[in-house]
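Labels below follow one simple rule: chain letters A, B, ... track the order of the sequence lines, proteins then strands, and each chain is numbered from 1. Everything quoted here is computed from the prediction, not taken from an experiment.
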Amino acid sequence: MTVPDLLRAELIRAAQELGAPEPVDPVLERPRDASFGDWTTNLAMVLARPMGRKPRELADAIVGRLALHDVGMRDARIAGPGFINFWAEPARVTERLRAVVADRAAYGTAGVGQGRPAVVEFVSANPTGPLHVGHGRQAALGDAIAALLAATGWRVAREFYYNDAGVQIQNLAASVQARIAETVSRPAVIPEGGYHGEYIREIAERYVAEHPGDRSGADIDRIREFAVAELRREQDRDLQAFGVRFDTYYLETSLYTDGLVDEIVATLARADHAYERDGALWLRTTAFGDDKDRVMRKRDGTFTYFVPDIAYHVTKWRRGYARAINVQGADHHSTVTRVRAGLQALGMDIPPGYPEYVLHQMVTVMRGGDEVKISKRAGSYVTVRDLIDEVGRDAVRYFFLMRRGESHLSFDIDLARTQSDENPVYYVQMAHARMSGIFRVGGIDPATVTGDGVDLSLLAAPEELALTNALLDYPALVLGAAEALEPHRVTTYLHDLAELAHRWYHRHHVLGEAPALTRARLVLARATQIVLRNGLALLGISAPERM
RNA sequence: GCGCGAGUAGCUCAGUUGGAUAGAGCGUCGGCCUCCGGAGCCGAAGGUCGUGGGUUCGAAUCCCGCCUCGCGCACCA
């Protein structure tokens with residue numbers, strides 16, 4: 001049991017002895033201000049009303065019944081309206097560092113997922129152009145969320161869904177066809193809703209080169225297949241450059257060829273929530289919270305997009321995923337109700353909250369104080385590739401993960417590309433490089449550092465206790481970030497941790513001190529290195545040994 | 001008009017699920033290099049948490065109204 005766990009149990013015991021109503025669940029928090037100690041609880045204020053007592057007086061009674069020393073505390077004081085503040089016994093705190101250096105990469109992982117399967121779907125770009133910055137944010141978010149779930153005991157698959165069946169694909173083919181026509185000196189007429197980027201011209205040129213039999217671009221099916229294949233390859237290259245790997249690629253077209261779309265429509269039609277009107281087949285999504293009913297099958301006999309969407313999510317359920325998490329741009333938020341409504345209407349006992357959604361707001365790219373809106377290849381938008389080429393993969397990932405998904409994100413290229421202390425990603429990486437530097441200079445293999453026989457009570461300086469406390473908070477941080485599906489918490493934490501590490505490094509030396517003290521500090525340096533590396537790994541950012 | 005999201009320092013944003021004197025980065029101003037790497041450290045200035053009510057011991061956080069911005073409101077995806 002960790003120190004706060006012991007204290008929590010002791011608080012429960014004391015409160016129950018005083019006749020507190022069940023259940024007692026004391027919240028232990030880190031106080032904002034260090035002068036309020038190491039831990040604080042509002043237990044007395046929470047219990048005051050149900051127990052009919054005054055908060056401070058109740059706090060006094062609780063403290064009087066605590067065996068402080070047994071749970072690693074050296075003092076408890078009542079403050080303000082009824083807070084109970086605790087000061088930990090430093091040696092009991094630093095003692096916990098042994099577990100950090102022993103667990104290494106496993107430190108901060110948990111088993112709450114119990115090995116159950118979960119699927120995280122993200123990016124899922126139409127193969128109609130290079131990935132844009134919004135996809136980049138999504139790639140960083142989705143990959144980190146997947147890592148967080150994996151770290152907390154879920155068996156995670158990363159999935160990319162290809163909308164390779166819709167109207168957009170027809171527009172793509174027609175756009176390429178128009179550019180092919182241009183190569184045989186006919187004017188290009190890009191269709192309405194078509195694509196104007198420079199990359200369309202490139203694809204047209206390659207098509208002509210590789211299909212001498214169709215120089216005029218008459219074979220629209222062949223053009224479509226070629227263009228989709230080309231763009232999928234390009235997207236894959238970009239994702240690879242970003243360090244994102246998918247376990248599965250699911251093709252929308254397969255839902256049709258497998259007959260699943262027909263099956264789903266048939267089931268929905270039987271399920272009492274479907275009806276015919278104006279020659280179309282409708283689903284009564286209003287029965288599940290939608291603001292109006294939706295068409296499933298159009299008058300022309302084709303399906304609307306949300307039917308294959310429902311079918312797709314049925315496959316996730318049938319493939320055994322206990323959780324399905326979809327990372328999408330907030331401009332798709334209207335699909336949430338529809339997909340869930342469709343799954344409920346099927347009557348397959350799929351939970352109402354399935355799938356879960358993480359929606360993120362837009363990204364604006366800033367340079368020199370102005371918004372950047374275009375790129376050479378894509379024309380009307382900035383690509384992920386542009387960003388990666390300009391500021392590097394680590395900086396792009398870090399910047400995309402600095403903010404909550406719900407916040408608009410302003411990507412400052414100038415800041416991201418500075419190689420100085422102004423750049424937060426280097427600040428965190430540098431802390432790791434410094435810890436690594438200690439071992440390098442000392443000629444010590446960090447993997448051999450253990451707490452065995454080391455007197456950790458020698459770590460008594462304020463900077464050492466503050467750093468140790470932060471390191472010990474890491475597992476709870478990971479749990480919270482995973483539960484909330486919020487990777488930015490990890491980014492914020494790592495920045496704070498790096499600050500504590502830099503401060504400690506600056507004020508205290510590890511090598512060249514008295515041998516016992518050096519050994520203790522090596523354990524702290526090793527633990528810091530481990531947590532920085534584990535945290536950066538969750539974000540998909542490298543932890544360099546030197547910079 | 002309806003739905004979703006966001007309004008916190010000059011700018012970009014955090015804020016531990018309701019806690020104490022609201023934080024960080026950038027920008028501005030001022031200090032620190034005989035040192036395991038200065039890609040670092042120390043300090044200063046900077047706030048009506050959009051706004052008006054409400055809930056309670058206690059609100060940036062929860063509820064209601066209003067204002068501003070973004071996104072979505074297709075038999076497109």
Side-chain angles (χ1 to χ4, degrees), chain A residues 27 29-33 35-36 40 42 45-46 48-49 54-56 79-83 85 124 126 128 163 165-169 171 193 252 278-282 290-292 294-300 302-306 308-309 329-337 359-362 364 366 369 402-412 414-415 418-427 429-431 433-442 473 476-477 480 483-484 488-489 491-493 495-496 498-499 502-503 505-513 518 521 525 546-547:
Chain A
V27 175
E29 292 182 304
R30 293 289 193 181
R32 189 190 303 281
D33 192 323
S35 67
F36 293 137
T40 185
N42 62 356
M45 290 181 286
V46 173
R49 178 180 290 270
K54 292 178 178 171
R56 286 192 63 109
F83 291 102
N85 296 331
S124 296
N126 289 341
T128 54
N163 290 116
V167 176
Q168 317 283 7
I169 301 298
N171 289 337
E252 182 185 1
D278 303 334
L281 182 66
W282 296 66
D290 205 354
D291 55 353
K292 56 183 170 184
R294 306 290 167 177
V295 170
M296 291 192 284
R297 194 176 55 225
K298 298 181 252 182
R299 264 181 302 218
D300 66 6
T302 61
F303 298 107
T304 56
Y305 74 93
F306 93 105
D309 253 13
D331 53 342
H332 287 75
H333 81 260
S334 61
T335 67
V336 176
T337 325
L359 302 179
H360 65 87
Q361 297 291 330
M362 303 292 106
T364 52
M366 305 295 289
M402 276 199 299
R403 311 302 188 199
R404 302 163 58 224
E406 295 83 8
S407 292
H408 281 257
L409 190 143
S410 174
F411 195 107
D412 185 342
D414 302 317
L415 179 60
T418 46
Q419 303 212 345
S420 75
D421 56 344
E422 297 163 2
N423 192 334
V425 62
Y426 293 117
Y427 187 79
Q429 288 182 316
M430 185 60 195
R434 280 187 143 170
M435 297 303 121
S436 305
I438 294 168
F439 297 106
R440 186 171 57 245
V441 171
D473 288 343
L477 178 279
E483 188 191 340
H488 79 276
R489 294 192 194 190
T491 317
T492 308
Y493 166 85
H495 188 271
D496 293 344
E499 182 175 4
H502 283 304
R503 190 174 296 155
Y505 178 93
H506 189 259
R507 299 230 180 118
H508 304 282
H509 271 237
V510 175
L511 304 174
E513 299 292 326
T518 288
R521 286 185 173 162
R546 59 198 311 169
M547 297 175 71

Next on the checklist: So, OP1 or OP2 of B:A6: does either fall under 4.0 Å of a side-chain N or O from A:Arg404?
Outcome noted: yes
Closest of B:G15, B:A77, B:G25 to the A:Glu252 side chain is B:A77
RNA chain B nearest-nucleotide lookup for A:His506 and A:Asp300: closer to the 5′ end is A:His506
ask   = Is there a side-chain contact between A:Thr304 and A:Arg294 (heavy atoms, below 4.5 Å)?
value = no
Margin query: Applying the 5.5 Å / 30° rule, does A:Phe83 stack onto the base of B:A20?
Written below: yes
* Does a nitrogen or oxygen in the side chain of A:His488 sit under 4.0 Å from OP1 or OP2 of B:G15? -> yes
**Message:** What I'd like to find out is whether the side chain of A:Arg489 reaches to under 4.5 Å of the side chain of A:Leu477, using heavy atoms alone.
**Reply:** yes
Of the listed B:A74, B:C76, B:G37, the closest approach to the A:Thr304 side chain comes from B:C76
Query raised in the report: Given the C1' atoms of B:G18 and B:C62, what is the spacing between them in whole Å?
Result: 8 Å
Ranking B:A39, B:C36, B:G70 by distance to the side chain of A:Tyr426, first place goes to B:A39
message = Categorize A:Leu477 for me: base, sugar-phosphate, or nothing, with a 4.0 angstrom heavy-atom threshold over every strand shown.
response = nothing
So what does A:Asp290 touch, heavy atoms closer than 4.0 Å: a base, only the sugar-phosphate, or nothing?
-> nothing
Item to complete: Taking atom C1' in both B:U12 and B:G31, compute the distance separating them and give it to the nearest angstrom.
Response: 27 Å
>> Roughly how many Å apart are B:G43 and B:U56, using the C1' atom of each and rounding to a whole number?
In response: 40 Å
So, does the side chain of A:Arg49 form a donor-acceptor pair with the base of B:U56 at under 3.5 Å? no
Taking any heavy-atom pair under 4.0 Å as a contact, classify A:Thr302: base, sugar-phosphate, or nothing.
nothing
Closest to the side chain of A:Asn163, out of B:A77, B:C41, B:C36, is B:A77
Is any side-chain N or O of A:Arg507 closer than 4.0 Å to OP1 or OP2 of B:C35? no
**Request:** Measure the shortest side-chain to side-chain distance between A:Tyr426 and A:Pro424 over non-hydrogen atoms and say whether it is less than 4.5 angstrom.
**Result:** no
Sugar-phosphate, base or nothing in reach of A:Pro55, heavy atoms under 4.0 Å = nothing
With A:Glu499 as partner, the option from A:His495, A:Arg503, A:His502 fulfilling side-chain hydrogen bond (donor to acceptor under 3.5 Å, both in side chains) is A:Arg503
Taken to the nearest whole Å, NE2/A:His509 to C1'/B:G37 is 11 Å
Indicate, yes or no, whether a donor-acceptor pair under 3.5 Å links the base of B:A20 to the side chain of A:Asn42.
no
Picking from B:C76, B:C73, B:G37, the nucleotide nearest the side-chain atoms of A:Gln168 would be B:C76
A:Pro55 and A:Gly82 have their tightest heavy-atom pair at CB-CA, 4.4 Å
Suppose you measure atom C1' in B:C76 against the same atom in B:C63; what distance do you get, rounded to whole Å?
38 Å
Between CD1 of A:Ile169 and C1' of B:A77 the distance, given in whole Å, is 10 Å
Quiz item: Looking across every strand, which nucleic acid part, if any, lies under 4.0 Å from A:Asn126 by heavy atom: base, sugar-phosphate, or nothing?
Solution: sugar-phosphate
To the nearest 0.5 Å, atom OG1 of A:Thr337 lies from atom CG of A:Asp291 at 7.5 Å
Per the O4'-C1'-N9-C4 / O4'-C1'-N1-C2 angle with a 90° window around 0, B:U17 comes out syn
Note to self: What's the gap between B:C4 and B:A9 when it is taken at their C1' atoms, as a whole Å value?
What the structure shows: 29 Å
Between CG of A:Asp309 and C1' of B:C76 the distance, given in whole Å, is 13 Å
- Message: For the C1' atoms, the ones on B:A60 and on B:A74, what distance do you get once it is rounded to whole angstrom?
- Response: 39 Å
Between A:His332 and A:Gly437, the residue closer to the 5' end of RNA chain B by nearest nucleotide is A:Gly437
Regarding the side chain of A:Lys292, the nearest nucleotide among B:G72, B:U17, B:A74 is B:A74
Distance check, C1' atoms only: B:U55 and B:U61, in whole angstrom units.
13 Å
When all nucleic acid strands are considered with a 4.0 Å heavy-atom cut-off, which category describes A:Asp278: base, sugar-phosphate, or nothing?
base
Would one find a side-chain N or O of A:Tyr427 under 4.0 angstrom from OP1 or OP2 of B:C26?
no
Between CG of A:Asp331 and P of B:C4 the distance, given in whole Å, is 17 Å
(request) Determine: side-chain N/O of A:Arg32 to OP1/OP2 of B:A20, distance under 4.0 Å, yes or no. (result) yes
Heavy-atom closest pair (A:Ala280 atom, A:Val295 atom, distance to 0.1 Å) is CB-CG1, 4.1 Å
Under the criterion of centre distance below 5.5 Å and interplanar angle below 30°, is A:His333 classified as stacked on the base of B:C71?
no
Whole-Å distance, A:Arg521 CZ to B:C35 P, equals 19 Å
- Item | Side-chain heavy atoms of A:Leu409 within contact of A:His360, under 4.5 Å | no
Of B:U12, B:C57, B:C36, the nucleotide closest to the side chain of A:Met45 is B:C57
The glycosidic conformation of B:C64, counting syn as within 90° of 0 and anti otherwise, is anti
Whole-Å distance, A:Phe36 CZ to B:U21 P, equals 7 Å
Pairwise C1' distance for B:G15 and B:U21, with rounding to whole Å = 15 Å
Closest of B:G25, B:C41, B:G5 to the A:His495 side chain is B:G25
On a heavy-atom basis, the closest approach of A:Leu359 and A:Gly329 is CD2-O, 4.0 Å
Kindly say whether A:Gly437 contributes a backbone atom to a donor-acceptor pair with the side chain of A:Arg546 at under 3.5 angstrom?
no
Rounded to whole Å, the CZ-P distance (A:Arg546 to B:C36) equals 14 Å
Here the pair of heavy atoms bringing A:His488 nearest to A:Arg403 is CB-O, 3.5 Å
Considering only heavy side-chain atoms of A:Tyr305, the closest of B:A22, B:A77, B:G37 is B:A77
From NE2 of A:His408 across to P of B:C13 the rounded distance in Å is 9 Å
Closest to the side chain of A:Trp282, out of B:C75, B:A6, B:A14, is B:C75
Exercise. Which part of the nucleic acid, if any, lies within reach of A:His360 when heavy atoms closer than 4.0 Å are counted: base, sugar-phosphate only, or nothing?
Worked result: nothing
Can a side chain N or O of A:Ser407 be found less than 4.0 Å away from OP1 or OP2 on B:G5? no
Notebook entry, point to check: Does the side chain of A:Tyr505 come within less than 4.5 Å of A:Ile438's, by heavy atoms?
Noted result: yes
Stems in RNA chain B, runs of 3 or more consecutive Watson-Crick or G-U wobble pairs with both distances under 3.5 Å, sorted by first number, are B:1-7 with B:67-73, B:10-13 with B:23-26, B:28-32 with B:40-44, B:50-54 with B:62-66
